[in-house]
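Below: the structure, in structure tokens.
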Amino acid sequence: MKVGVLKETKERERRVALSPDVARSLVKKEFDVLIESGAGEQSGFSDEEYTSAGAVVSTRSDVCNADVILKVEAPTVEEANLMRNEAISISFLYAYTRPELLSVFNERRISSFAMDAIPRISRAQKMDALSSQSNLAGYKTVIMGAHALGKIFPLMMTAAGTITPAKVLIFGAGVAGLQAIATAKRLGAMVEVTDVRPETKEQVESLGGRFLVVEGAEGVKTEGGYAREVSAEFLAKQKQLIEDRIKEADIVITTALVIGKKSPVLVTEEMVKTMKPGSVIVDMAVESGGNCALSELDKTVVKHGVTIIGESNLPSTLPVNASQLYATNISALLLHLATRDGFKWEMEEEITRGCLITHKGELVHEFTKSILSK
Amino acid sequence: MKVGVLKETKERERRVALSPDVARSLVKKEFDVLIESGAGEQSGFSDEEYTSAGAVVSTRSDVCNADVILKVEAPTVEEANLMRNEAISISFLYAYTRPELLSVFNERRISSFAMDAIPRISRAQKMDALSSQSNLAGYKTVIMGAHALGKIFPLMMTAAGTITPAKVLIFGAGVAGLQAIATAKRLGAMVEVTDVRPETKEQVESLGGRFLVVEGAEGVKTEGGYAREVSAEFLAKQKQLIEDRIKEADIVITTALVIGKKSPVLVTEEMVKTMKPGSVIVDMAVESGGNCALSELDKTVVKHGVTIIGESNLPSTLPVNASQLYATNISALLLHLATRDGFKWEMEEEITRGCLITHKGELVHEFTKSILSK
Amino acid sequence: MNILILTAYLIASVLFIIGIKMLGRIKTARKGNMWSAVGMLIAILATVIQIEAISWIDIFICIIIGSAIGLIIAYKVHMTKVPEMVALFNGFGGLASLGVALADFWLNTQERSIITDNITNISVALSILIGGVTFTGSVVAFLKLNGSITGRAIVFKGQHLINLVLLIVAIGVTVFALLNVSNPAHMVILSILALILGILVVIPIGGADMPVVISLLNSYSGMAACATGFVLGNQVLIVAGALVGASGLILTQIMSKAMNRSLANILMGGFGQTTGSAEQTGASDIVVKEVGVEEAAQIFDTVSSLIIVPGYGMAVAQAQHVVRELGEICEKKGVNVRYAIHPVAGRMPGHMNVLLAEANVPYDKLYEMDAINDDFANTDLVFVVGANDVVNPAAKTNPGSPIYGMPVLNVEKAQTVIVCKRSMRAGYAGIENELFGADNCLMLFGDAKQVITKLVGELKEL
Amino acid sequence: MNILILTAYLIASVLFIIGIKMLGRIKTARKGNMWSAVGMLIAILATVIQIEAISWIDIFICIIIGSAIGLIIAYKVHMTKVPEMVALFNGFGGLASLGVALADFWLNTQERSIITDNITNISVALSILIGGVTFTGSVVAFLKLNGSITGRAIVFKGQHLINLVLLIVAIGVTVFALLNVSNPAHMVILSILALILGILVVIPIGGADMPVVISLLNSYSGMAACATGFVLGNQVLIVAGALVGASGLILTQIMSKAMNRSLANILMGGFGQTTGSAEQTGASDIVVKEVGVEEAAQIFDTVSSLIIVPGYGMAVAQAQHVVRELGEICEKKGVNVRYAIHPVAGRMPGHMNVLLAEANVPYDKLYEMDAINDDFANTDLVFVVGANDVVNPAAKTNPGSPIYGMPVLNVEKAQTVIVCKRSMRAGYAGIENELFGADNCLMLFGDAKQVITKLVGELKEL
Amino acid sequence: MTGESFIILMYVLVLASYLGFELINKVPPTLHTPLMSGSNAISGITIVGAIISGNVAGYASLSKWLGMIALILATINVVGGYAVTDRMLKMFKKKK
Amino acid sequence: MTGESFIILMYVLVLASYLGFELINKVPPTLHTPLMSGSNAISGITIVGAIISGNVAGYASLSKWLGMIALILATINVVGGYAVTDRMLKMFKKKK
Ligand SMILES: NC(=O)c1ccc[n+]([C@@H]2O[C@H](COP(=O)([O-])OP(=O)(O)OC[C@H]3O[C@@H](n4cnc5c(N)ncnc54)[C@H](OP(=O)(O)O)[C@@H]3O)[C@@H](O)[C@H]2O)c1
Ligand SMILES: NC(=O)c1ccc[n+]([C@@H]2O[C@H](COP(=O)([O-])OP(=O)(O)OC[C@H]3O[C@@H](n4cnc5c(N)ncnc54)[C@H](OP(=O)(O)O)[C@@H]3O)[C@@H](O)[C@H]2O)c1
Ligand SMILES: NC(=O)c1ccc[n+]([C@@H]2O[C@H](COP(=O)([O-])OP(=O)(O)OC[C@H]3O[C@@H](n4cnc5c(N)ncnc54)[C@H](O)[C@@H]3O)[C@@H](O)[C@H]2O)c1
Ligand SMILES: NC(=O)c1ccc[n+]([C@@H]2O[C@H](COP(=O)([O-])OP(=O)(O)OC[C@H]3O[C@@H](n4cnc5c(N)ncnc54)[C@H](O)[C@@H]3O)[C@@H](O)[C@H]2O)c1
């Protein structure tokens, strides 16, 4: 079976879907691996490394002709049109945001798997690219914040006076949020965290963060580890609490995503106005609308004296590690779905069912259907 | 006595010589403090804060008319010409690099004190701006490096594979180097350090760094805590050792300054070529010629696949803390030298003697004289 | 009696003391057993040289027969059957005490027609009573463990009442015997009563509690020997018997505590089912073996390789610093200490790495799962600190489990596993963990930070 | 002897055992002492009822006199003088044993002209020897502690030889006494020899080692009582004496270990000077008081406020984790624990902050110099961990010092200061520190990590 | 037995019992069975009594036969006990 | 004293000594002095011997006088010892 890896074309995307190491392991399992020339360059992987790993470095059109096309970002409509009929595409998709792409897939009977739709069950952890990439993103938010802030993080008692530690306020203790806590704590900041899921309190504390408890409010529904629905009462009380704490913060990091929806606005313009001049907001949710009302996609702006960073593709700023991890994820999925002789198409199996979006000309993914039909 | 604080004019300089807090303490001691409007803006201090601290916000020319002029950077020749005759100027000077300024000072019988020449004796620690600023710079080198690197610092064992820790190689374990070690260790990197002064080994290890011992070579002369002279043999052996270690490094931070001289070139172009693509060099010595042969002043360049950061004014990227500390330092010096009624001119006192550069129309500083006469 | 013989007995007594003391610590246990055997040899030799020539052969024949049987059983028996063998041996000891007391009594009252004094008679009665109970009790225990009779508790109504009545009758008979020394029937009746009582007392106790019962009966056999010592006026019997009686009681106490049962509870019978630790285990019906901090420390002290497996519980307890300390102490003792980091231990990728780095555990001691998973089989001890799902063998063995297919650490392959967690509650995946019930697994319950702090304290003292 | 009396003695013996056991734990110690006193009362009563009416008055007078003196001393003596009082009481006990043995011997051989057997005679000789040494030894110890004679070790050449010769002579005399029982002179000579030996043995031991010596003499007085028990064939004396003898030896061992000295070392004499740590102190001529880990732990256990002052030495030793642990333990004991961070402690700005943050010391426990400098005066204990220049009072008092004018922490204002460093070497500034010689300053020498680890261990046990 | 010698034996009993309590305090679970087995062997000290009881002339007396049976049983207990304990403990050798 | 009763006393001695060793293992330093003092009071058990020695008729005999002196000394030891130990231990009530 031929596995093709395309070079990413999206702006600011520096990752690649397979690393030489992982390519080598696929070659060992007797897959034919084709890689577009220069695909790994931005991640520090040269064509030679791929060649010596047993992959074949080819042109874009050759790669598109493979049985399976691996990518990080969703293929563009053009890329989809370059693929063979009945080819198989694996990548991040966020299918509910790309109805046209899905129709191309269906026209051409391309089967597509979405890395972002892998169910979060124990045995799928190795394939969980959302986790692996959010984790890196969480780290990077803190580094970016520290870089932009005109202060240092740790407490320091020196001959020239005492520098008080920076205060970091983090919204959302998912994978990225937790890693952000860990990183900020490491650098010596005081970290406060808010989340809608009560079970995150223990997790936050296990990393040395302080959890801001929204008292006397309930109403968070979670499903498969994701926050789905939050009651209005909770949000109101949370907002009150935040208004109080955000005035003190030097850095605010927002990671609150609600899957398949526009992200909730947690930091309003009023709140930004109350913040100290020179403080920094890093909005991880900027791509799905932003948790901060003032953040702008892929821009760093200064508003009301506050620096607001809206980098949408944080993992891509750590391309070496991000590609490594993504490659492991995607190859684990591939090996789960297929042998070198072809795909197994076990349609009732949980992981397959969870991440198969289009198949035989049809949109088969329930969740995507439900959103697109709205 | 009137103390004037000028707004810094140098490009990339965001600091200010007095913070509102320190201004307040001077006002309490019955100094008249004049501050140029907008001087503190970049450090997050508004004119109102100064006013409420008891300082008078004035125009540039008013401020220049004060008895004592405080600055961070050395005054420009124009600024010096604006000052009163026999005024007193306190700031960083690096006098041996500014013969024209010194002649203006002498023409106008301006007495000048250099913050960079305060002797490193115990009781002068409160005034030691070199330390306070290098300390911040050391922290920031690491944050900059981490920001530019396409990898994360800490070891991480995850479902998608293990990320090995970043390797940081630090040249020079002075104040900045030590803080860089501490910061890199905090973030989880493996840190190796080289220095010419053998006593730094213990210090490096006290922070969890690994000291690269240059075996069987001697010949470092130190004076007052600064490295003055290093034997050629030592440098040769050190170079060998470095060549070996630098191939592994993800981040190289160089902090090796030799006062009054061009900085030694520790990272040659050949070494850069052997480094891994994507790795980062942060050259703290770039202003005095650079420890890396390829670094360019105030620029971030990519050469041979290696990102080389040549930021000359690192403390200025942390203006809030840097100004706080500098203000404490400079006011400590001021209070040491003067009461509200005037300067004491104790010419034999160690600190006065150490940092007084020009006085009554003459260059009185021995070390500066010795360099300039060469 | 000859002063030399008495001195020999004294030496034997001291050796028994030393022996028991040494038997309580892993490092010295084997030597302790040897010393106590030497003591026994000395005591036997000192006795043998006293006997009259006429009985030499009889006695030697008996000793040879006994030794042969003893050795054969001891070396033939499968190692897993040791507990029941101990029970059987113990029963023999009890019966021997009964026999000796009865023989002495018979000799004096019937054959020599001496009127024995009351102290002696009471001693005889005690010997018979305790010896008899020990014998049949041990035999029942043996049969239960052996599977010859059901290991389940055999309970019937009025059981305790019957036992009480029997005991009162036995005391009555003893009183009669004292009043009427020349009539041997009383002592014979007492013997029979004792034998019945032994059966009735052990029958209602379940198989799982048998080790505790055996330990208790062992203590009894010591007391029987002690009583026999009073019968014969022999100090070495008294010392040895008293030692065994007392230390046996303490051991019984320790064992029942380790099983989380009160001794009274066990003896009242009807328990000892496999549901023993029900309340501990919450809803789980896995039977676990608990270990105390002190005992755990001793185990740590004997191993030469240790793998520490941290999990989310370590993070919750913020136990990373004490865990490092534990590792350092073990290393100082020459133990090869490594950390096995499961890729999804904790609640975020790299969770364990962050904490262990904070605690200054050197990177080169951390092993990712794939690098260490084959080494568990060659490892003496695995210490699981607040990990659960990541060491759950169900992921490999139970296709119905929600974590089936997730790679896990093969901790169960190690010689011994000690798991530190607060309770039998499940981890993130909400499923039971059969590891905890494994034969080589000991549970060290408590908050990880507190427990390991104590453990470190104990280890420093060893 | 009446069986009731014997039983009373047995009960007394058991009470002594319980008493000693309870005396070893802080919580039970007072009760233990009470139980042992009850045992003593029982033993005395059981003895008194045996005496003949004719001696009643004599004996009661003696008891009343003795009690009065005992009580007066016990309640009048200043608490700081307790050790010497114990020595004195102990000496009286030894002398009493000597007296009883001699009296019994005299009664039998001289007044009743009975030829006593050798076992008894040997016992008498042992009683005299041990009792005599205990008496004069204790008196010398008392006088040394009391200051009546110099506390310094009085050493002369051939000391050990003389003691050896004396001992051999004493043994020779004993042999003569055995061969010639009717002549009491030998026993009298033996008494005198014993008294001399006691003096000679203790004289060369320095005042600082006296507590250990007293403990050893206490053990001796137990042995003397035990020997007296053999003289009189009295078990309670044997049991009580043996208990005290054995536990006293162990206690002596523990005490000398706590002082970091071997027992042999102490007994060889000539040590125990206050110059003990001369080699430790390097070139400095500041006279310091050294403190051991155990004593330091005791001090930590009694304070209610503690300020920890870390310095570069903590960084070098990488002791930050144990320091945090120390702080936590003290907090658990209800101590108010704070850290005073000097602005230039260490070798880079914020050095201490980095390390303490790594060790997870909460930020709000750290105080900068200006915020805490006035609080030292109200603080029970300051623990200086590897800091030197930053706590050097010369910066305030000595204008000639290179650090004059540098602000420093006012640690010397605290009630007690304990300084942990490896030696008397200077810090960064290369100057001496008079703090170390201050009256309220104790030096705890050793690598900070190692020493504090031990300290933590000790504290956990208190 | 006289009351006095009884009391002295009681001393021995009491002291030995107390000692028995003190000797055992912390035993690791691995040693529970060996310790039980080892002290069981010690309780076979009745063998001394059995030898004395068997030390009667003539095979007619019941006491002799009782003594001899007791002797065999006690020997089994002693020999088997020590042997099996040793077998168990052999397996604990600290591996290096 | 007969050899036999001597040996029995030896049993008592040996067992009691062993017990003495076992009883004391970890003593916090604060208790060193009180423990020493408390066991010193116990060693005052010679008082029993002294009473017996003083129990002789007639003031002519040296043994009586010796016994009476011994009795006074032993009483001082016992009474003083217990009292001072108690005084010491009273001070340990933990300050809170
Ligand atoms: N690493 C990731 O990225 C990630 C993300 C999300 C989910 N997960 C999941 O999280 C799980 C991780 O496995 P794990 O073994 O580390 O954790 P786990 O299965 O959740 O088990 C943790 C155990 O620690 C014990 N514990 C909690 N607090 C404790 C304390 N203070 N002292 C001692 N023990 C304590 C708990 O038992 P008691 O309550 O009885 O004490 C619990 O059973 C996996 O199922 C994984 O799939 C991982
Ligand atoms: N903070 C800064 O920015 C900076 C920069 C440069 C210089 N300085 C200077 O450094 C000094 C700092 O004062 P300080 O009190 O922190 O340090 P210090 O005066 O240098 O004293 C440190 C002490 O720690 C002891 N020590 C070293 N290793 C030890 C170990 N393993 N265990 C226990 N003790 C150990 C040493 O005594 P032993 O050898 O006897 O053990 C030494 O006396 C000041 O003089 C300051 O001016 C500070
Ligand atoms: N079992 C597995 O294999 C596995 C793997 C990875 C993650 N997970 C679980 O999934 C969870 C979600 O992870 P994620 O990073 O993808 O989450 P996410 O990116 O979907 O959301 C980030 C966080 O934001 C929080 N959030 C949502 N609305 C908020 C609001 N209004 N205010 C504050 N916080 C808000 C969410 O609760 C969540 O914790 C994780 O916490 C983890 O426990 C499980
Ligand atoms: N007593 C005080 O008050 C005081 C205050 C601050 C600093 N100091 C001392 O002064 C020292 C110098 O501090 P700094 O930061 O200003 O130093 P610096 O900036 O002058 O030099 C930085 C470091 O680079 C090293 N270096 C020079 N040439 C090198 C080479 N070829 N290779 C590798 N390393 C080389 C130097 O040894 C020094 O450690 C500090 O280490 C400190 O101990 C003392």
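Since the structure is predicted, the reported quantities are computational estimates derived from the model, not experimental observations. Chain identifiers are assigned alphabetically (A, B, ...) following the order of the sequence lines, protein sequences preceding nucleic acid strands; residue numbering begins at 1 within each chain.
The minimum heavy-atom distance between A/A160 and B/N329, with the atom names listed, is CB-ND2, 3.3 Å. Pairing each heavy atom of B/H147 with each of A/K140, the nearest pair is O-NZ, 3.0 Å. Annotation for A/I152 and B/N321: closest pair N-OD1, 2.6 Å, computed over non-hydrogen atoms. Summarising the geometry of A/Y139 relative to B/F153, their closest heavy-atom pair is OH-N, 3.2 Å, with the distance given to 0.1 Å.
Between chain A and the options B/G44, B/A146, B/A129, the largest number of non-hydrogen pairs under 4.5 Å is found for B/A146. When B/V320, B/T158, B/T317 are compared by the number of non-hydrogen pairs under 4.5 Å with chain A, B/V320 comes out ahead. Chosen from B/L136, B/I163, B/T183, the residue pairing most often with chain A at heavy-atom distances under 4.5 Å is B/I163. Highest contact tally toward chain A, considering only B/A159, B/S132, B/G150, is held by B/G150 [criterion: heavy-atom pairs under 4.5 Å]. Listed options B/A327, B/P154, B/G305 were ranked by heavy-atom pairs under 4.5 angstrom with chain A; first place goes to B/P154. When each of B/T328, B/L187, B/T164 is scored by its heavy-atom pairs under 4.5 Å with chain A, the top score falls to B/L187.
Neither the backbone nor the side chain of B/M127 comes within contact range of chain A, judged by heavy atoms closer than 4.5 Å. Interface remark: B/Q179 contributes side-chain atoms only to the contact with chain A (heavy atom separation under 4.5 Å). Heavy-atom distances place no part of B/K185 under 4.5 Å from chain A, backbone and side chain included.
Counted within 6.0 Å of CD on B/E13, heavy atoms from surrounding residues, nucleotides or ligands total more than 12; the atom is thus considered enclosed. Counting heavy atoms of neighbouring residues, nucleotides and ligands inside a 6.0 Å radius, atom NZ of A/K273 exceeds 12 of them.
Of the possible donor and acceptor atoms, none in the side chain of A/K151 sits under 3.5 Å from a partner among the backbone N and O of B/A322.
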